Amino acid sequence: MAGNSQRRNRRTSNKKGAQVGSGGKRRRSLEGKGPTPPASARKGHVKNRIANAKTKQAAGRGPAPRRGGAKGTAELVVGRNPVVEALREGVPATTLYVQQFIDNDERVREALQLANELGLNLLEAPRPELDRMTNGLNHQGLVAQIPPYEYAHPEDLAAAAFDDGEDPLIVALDGVTDPRNLGAVVRSVSAFGGHGVVVPERRAAGMTAGAWKTSAGTAARTPVARATNLTRALEAYQKAGMTVVGLAADGEVELQDLEVLDGPVVIVVGSEGKGLSRLVGETCDVRVRIPMPGGAESLNAGVAAGVVLWEAARRRG
């Protein structure tokens with residue numbers, strides 16, 4: 001009997017106790033969380049980054065920074081004439097190095113005056129130090145330091161235009177290696193209401209002091225983006241609803257017959273010698289040629305981009 005009682009007690013002790021309810025937590029977890037927030041409110045989305053930058057700008061915290069792109073490399077402008085010209089054209093130098101016991105002339109005085117007006121750091125250095133900094137170049141006692149350029153991300157150019165209720169007008173450069181051509185394109189984009197310039201990360205001109213000078217200061221308000229892979233960047237623009245137009249001497253459409261310039265468009269300009277690369281040319285939705293009754297074989301990148309941008313601005317009114 002004692003053994004049977006112990007077995008019954010064991011069976012009783014193994015029974016489950018009363019079930020505790022969920023308190024409605026499971027039901028609440030199945031309820032919807034409301035409508036999906038707009039892109040500008042979703043953290044990490046490109047439009048959210050733009051909205052945050054605009055908010056900071058409106059709050060008086062300085063200009064909106066370029067977003068998401070890589071930085072260039074620091075650069076030195078060397079020599080009296082190059083330094084003075086760079087400072088005149090608004091190249092964003094941060095520091096002016098002046099040689100100790102320098103022979104004072106008109107260019108040195110102007111460089112010092114511009115440096116003071118622009119709020120640059122003025123540092124005096126012995127000649128051997130300037131020789132070391134410039135790898136023995138003929139610096140003539142003046143060296144200006146240019147900080148790394150902060151490139152935008154290609155997606156940000158189109159997103160900013162769409163956010164402003166405008167159809168993007170962007171120029172992409174394929175194989176253009178002369179910084180002066182890049183500066184000229186930046187200047188044309190600014191003049192004709194474009195939204196930025198895209199350059200490849202490799203084997204292409206970047207925003208050097210030479211590009212800044214040629215842009216005549218417009219690089220301060222016209223963003224330049226750097227693409228790791230230009231073909232993929234163009235494909236992303238196509239997915240965003242933009243038409244990619246390549247300039248080519250043997251293009252199937254003449255500029256005056258091109259009907260897409262009043263909408264969202266990317267104009268791709270190749271190098272003067274080789275034109276568009278094969279992959280970039282195949283990615284373009286249409287290839288257009290600029291009629292040249294004078295018989296010239298080609299135009300340089302800056303002039304070609306300016307012609308097409310003028311036509312786009314004319315059609316957009």
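Predicted model, so just to flag it, every value in this text is computed and none were measured.
- The environment of CG in D103 is sparse: at most 12 heavy-atom neighbours from other residues, nucleotides or ligands sit within 6.0 Å.
- With hydrogens and angles disregarded, no donor-acceptor distance shorter than 3.5 Å links the side chain of Y151 to the backbone of E201.
- The number of heavy atoms from other shown groups lying within 6.0 Å of CZ (R187) does not exceed 12.
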Apply side-chain contact (heavy atoms from CB on, under 4.5 Å) to residues M207 and R226 and explain how you reach the verdict. CA-CA 10 Å; M207 282 305 298; R226 181 175 270 181; over 6 Å; no
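- In terms of heavy-atom proximity, H153 sits nearest to A225 at C-CB, 3.7 Å.
- Pairs of residues two or more places apart, or lying in two chains, that qualify as salt bridge (charged side-chain N to carboxylate O under 4.0 Å, His left out) and include a residue from residues 131-147 are R127-D131, E129-R132.
- A distance-only check finds a donor-acceptor pair linking the side chain of Q238 to the backbone of T283 [under 3.5 Å].
- The hydrophobic clustering, which links ILVMFWY residues whose side-chain heavy atoms are closer than 4.5 Å, places L309 and M292 together.
- No side-chain donor-acceptor contact under 3.5 Å links D174 to the backbone of V268.
- Crowding of R180 atom CZ: a count of heavy atoms from other residues, nucleotides or ligands under 6.0 Å not exceeding 12.
- By the 4.5 Å heavy-atom criterion applied to side chains, V269 and V185 are not counted as neighbours.
- What you find for G270 and A301 is that their closest heavy atoms are O-CB, 4.2 Å.
- Within the 4.5 Å cutoff, the side chain of V197 has heavy atoms near those of the L182 side chain.
- Contact annotation: the side chain of L169 approaches that of I267 to within less than 4.5 Å [non-hydrogen atoms, C-beta and beyond].
- Taking 4.5 Å as the limit, every side-chain heavy atom of L120 sits out of range of all side-chain heavy atoms of Q145.
- A salt bridge links R314 to E311: at least one charged side-chain nitrogen sits closer than 4.0 Å to a carboxylate oxygen.
- Residues P168 and F162 approach most closely at CD-CE2, 3.5 Å, considering heavy atoms.
- The one candidate from V91, V84, V83 that meets the side chain to side chain contact (heavy atoms under 4.5 Å, CB included) condition with L87 is V83.
- The CG atom of N116 sits 5.5 Å away from the CG atom of L122 when rounded to the nearest 0.5 Å.
- Within 6.0 Å of atom CD in E117, more than 12 heavy atoms from other residues, nucleotides or ligands are found, so the atom counts as buried in its surroundings.
- Between H195 and D164 there is no side-chain heavy-atom pair separated by less than 4.5 Å.
- Following chains of ILVMFWY side-chain contacts shorter than 4.5 Å, one can reach L299 starting from W310, so the two form part of one hydrophobic cluster.
- Other residues, nucleotides and ligands contribute only 12 or fewer heavy atoms inside 6.0 Å of the CD atom of E106.
- L230 and L279 fall into different hydrophobic clusters, where Ile, Leu, Val, Met, Phe, Trp and Tyr are joined by side-chain heavy atoms under 4.5 Å apart, directly or via other members.
- For E235 and K239, the salt-bridge test fails: no basic side-chain N is under 4.0 Å from an acidic carboxylate O.
- Residues A158 and M242 share a closest heavy-atom pair of CB-SD, 3.8 Å.
- Cluster note: Y97 groups with L76, V78, L123, L130, M133, L137, V143 through ILVMFWY side-chain heavy atoms spaced under 4.5 Å, whether in direct contact or through intervening members.
- With no hydrogens or angles considered, no side-chain donor-acceptor pair links T243 and D285 at under 3.5 Å.
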Starting from the C-alpha separation in whole Å, work towards a yes-or-no answer on side-chain contact (heavy atoms from CB on, under 4.5 Å) for L247 and V288. CA-CA 5 Å; L247 300 190; V288 64; 3.2 Å; yes
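- Side-chain atoms of R316 come within 3.5 Å of backbone atoms of L261 as a donor-acceptor pair (strictly under, hydrogens ignored).
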Pair T218-V189, side-chain contact (heavy atoms from CB on, under 4.5 Å): steps then yes or no: CA-CA 9 Å; T218 58; V189 168; over 6 Å; no
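- In this structure, R232 places its CZ atom where only 12 or fewer heavy-atom neighbours from other residues, nucleotides or ligands lie under 6.0 Å away.
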Kindly determine whether L142 and V98 satisfy side-chain contact (heavy atoms from CB on, under 4.5 Å), including the steps that lead there. CA-CA 5 Å; L142 288 182; V98 183; 4.0 Å; yes
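- Panel note: side chain T214, backbone G210; a donor-acceptor pair is recorded below 3.5 Å.
- Here the closest heavy-atom approach between residue T177 and residue R203 is recorded as CG2-O, 3.9 Å.
- A salt bridge is defined here as a Lys NZ or Arg NE, NH1 or NH2 lying under 4.0 Å from an Asp or Glu carboxylate O, and R80 with D105 meets this definition.
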